[in-house]
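Taking it in order: structure first as structure tokens, then the write-up.
Each chain gets a letter, A, B and so on, in the order its sequence line appears, and its residues count up from 1.
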Amino acid sequence: MAKITASVFTSHVPAIGAAMDLGKTQEDYWKPVFAGYDFSKQWMKDNKPDVIFLVFNDHATAFSLEMIPTFAIGTAAEFQPADEGWGPRPVPKVIGHPDLASHIAQSVIQQDFDLTIVNKMDVDHGLTVPLSLMCGELDPKTDAWPCPVIPFAVNVVQYPVPSGKRCFMLGQAIRKAVDSYDEDLNVHIWGTGGMSHQLQGARAGLINREWDNAWLDQMIADPVGCANTPHIDYVREAGSEGIELVMWLIARGAMSDIVDGKVQGPAPTVKHRFYHVPASNTAVGHLILENN
Amino acid sequence: MAKITASVFTSHVPAIGAAMDLGKTQEDYWKPVFAGYDFSKQWMKDNKPDVIFLVFNDHATAFSLEMIPTFAIGTAAEFQPADEGWGPRPVPKVIGHPDLASHIAQSVIQQDFDLTIVNKMDVDHGLTVPLSLMCGELDPKTDAWPCPVIPFAVNVVQYPVPSGKRCFMLGQAIRKAVDSYDEDLNVHIWGTGGMSHQLQGARAGLINREWDNAWLDQMIADPVGCANTPHIDYVREAGSEGIELVMWLIARGAMSDIVDGKVQGPAPTVKHRFYHVPASNTAVGHLILENN
Amino acid sequence: MSLEKPYLDVPGTIIFDAEQSRKGYWLNQFCMSLMKAQNRERFKTDERAYLDEWPMTEEQKQAVLARDLNWCMRTGGNIYFLAKIGATDGKSFQQMAGSMTGMTETEYRDMMIQGGRSVEGNRYVGEDGDAQAHRQPQGAAGKKV
Amino acid sequence: MSLEKPYLDVPGTIIFDAEQSRKGYWLNQFCMSLMKAQNRERFKTDERAYLDEWPMTEEQKQAVLARDLNWCMRTGGNIYFLAKIGATDGKSFQQMAGSMTGMTETEYRDMMIQGGRSVEGNRYVGEDGDAQAHRQPQGAAGKKV
Ligand SMILES: [Fe+3]
Ligand SMILES: [Fe+3]
């Protein structure tokens, strides 16, 4: 049987990808950011998953205003790094897992989540930057990501975006789906985006270190309460783009301590926690949780 | 305040559109089909809605296999009749209601339905045939449909399709959304597709008159029970394409007798009921319900 | 493959699920391309050349060239996609559906006028209805044997 | 318009909701087109001519030509779409975000290194934080007045 064994949470700041692609990781500005992922890269090697279920948001890349899916699951065999305007990132293409992805889609739709199934999608920094942070620099031609990835895109661009509570419930449905897959697979689920940042207007550059860390504390220890955070709190406290944090709740909801919407099992172990300001406009948050 | 006052249910057989477009409605084969809509055309004139919320399914027209949304709401200003391979139907373009559609999208997403918002969509026979049946022949250039239409597309092409129960719940969420719109609008909700038909394989041409009529009886009088019909029953009893009937449950769920998932208000009045076999491969069912 | 499939015991019926969809991806996407008049023209001018522009399997191409819709479906085609081929040929849905039974156009049309195919014996594989495998093809085609 | 908007009292912030999306539809779709290298080239060769291919309002075109992202946003632009213009100009997200504050690039970068903009006074319209309307533009630009 397949099993979700761990969850990884990380910001997916595009400038981090650019710093890696342009060889700037040793600059003073960037050193502390990447140092926060040294543990994580080793952990990825020691705990190599068979599949990563990667929750991210598309940033007006694969999805224009023609069609805006609330939740979209990628069931294709592969996904190309997107050209977001600067040219595609020089990273390996992303290999999917069509069979597990289709299984999850079927199970989750039957659990009353109204997914959009996507068979053609270029993946932007929201998906590739977390992979780069966790796996290090890879040659786009000769290297490969360590395992297949199922991209799961959440609309956080056009309001209304799904509620934290809905995301948290979805995580539970995804775990149920994975649990019912009959092949033995070690699955990691990643929640990406955030933390506090605002990319627009006179309020651009907003960072809220206290709120971010309090939110992290609560997400770990009281995920049900955290999932009830209303949208407006994210906007007001963590900046207009801080709303991306609802995606972390999908990964958190998929952990095994959550049963029927409540904390009922043993708490996950916090293997690693990191917080740094800034990366470009953004506060970087990162967490690794292992199921017990 | 906007209000849903009535629901209309009808099959959307493409051959019916072709018969109208090619002037065959007076042929012996077609006469009884169109006679079943004589009452309805008059009723439409006597009860002209301000907006029609039209639930249909796309038949591999606007949505290819690249992206398959479970539920998609059209928020565009207009929608063109699609070229499904025979050339576009000669009918007026469909005028949308972006403001009400966006309001419904926002409300329904906040009620935990994970819609896809669509701003570009050609509409196929699933949407235009019901309009033609209820409004009669119109000149594509000089005439117009009687009111704006909000297209709402449901995936019934690739499994898994949403359950009847989910559709029924969605109807209630849509009514709640309409009720909270502050402009005075008379809204009709239409459920289309079905009834029994199978378009494939050695079993093509299957019709199940008894099952269809029992299902209709139950949908009117015991909609909660009807919504619990499992998918496999539709396939086995009403043919592989009979699954389209789940869409009728969205319109039924939006009627005012349904409160908190149960029948609690006064039953709607059955203004008209019609059933005929065949139109092309399909049993034609049609119903008009008015709220009390 | 671990999708639950409660629909495998229905005779003469292929449910278009994720597995079929994956199998038929390019066949169906080819069909979608026929929604443009200019592509229909190009296809009609040289079917083989047009098909060769698509990463379909050779079997899928043969099934299309043969206009054998049952064969197309076995290779992952879905009827709503395949209908675009029929439309290009000027065929109606009734002609397309009928073609999958082995019946002549008239036989199929008459069956529909007489109330359609009965569900009796056609609910489960192994019953004795006219859609069961051992009773194919149907109509005159079946009687000729 | 009867969408509920609990987010109108946040200073210096436009939430991209259905209404903004409708207003900015073609502006944003124009931005999407810049994800293709050849479109970026065509735009750079003759910006006005390229913009005129899109059914945008004249004001939207002026806002793009002026590279005034705040103006673009007021006409319905969304930052993730508008970022494609910045990418075409070789600008980073930090340069784009900073440009909306009136600060110089260095001022904005330094603010970020020092921990970013404080939320104090910037939660509600009418407080006295540096993102409030009465304190614009910020940085050197503001001091020059
Ligand atoms: Fe992001
Ligand atoms: Fe249909």
Exercise. Is there a donor-acceptor contact under 3.5 Å linking the side chains of D:Y80 and A:D58?
Worked result: no
Exercise. Checking D:M103 against chain A: side chain, backbone, both or neither under 4.5 Å from a heavy atom?
Worked result: neither
Exercise. By a 4.5 Å heavy-atom criterion (distance strictly below it), what part of A:E210 contacts chain D: side chain, backbone, both, or neither?
Worked result: neither
Problem set entry | Which atoms of D:S99 approach chain A - backbone, side chain, both or neither, heavy atom under 4.5 Å | neither
Seminar exercise, completed: Checked D:G24, D:A133, D:G129, D:G12 vs chain A; the most non-hydrogen pairs under 4.5 Å come from D:G12
Problem set entry | Heavy-atom contact with chain A under 4.5 Å, split by part of D:L69 | neither
Exercise. For A:Y234, is it the side chain, the backbone, both or neither that has a heavy atom under 4.5 Å from a heavy atom of chain D?
Worked result: neither
Problem set entry | Engaged part of A:S196 at the chain D interface, taking heavy atoms whose separation is under 4.5 Å | neither
Exercise. With only heavy atoms counted, which part of D:M111 is less than 4.5 Å from chain A, the side chain, the backbone, both or neither?
Worked result: side chain
Exercise. A:Y159 vs D:Y7 aromatic rings, parallel, tilted or perpendicular, using cut-offs 30° and 60°?
Worked result: perpendicular
For this session: Check whether D:R123 gets within reach of chain A through its side chain, its backbone, both or neither, counting any heavy atom under 4.5 Å.
Result: both
Problem set entry | Closest non-hydrogen atom pair, D:A83 against A:W86 | O-CH2, 4.4 Å
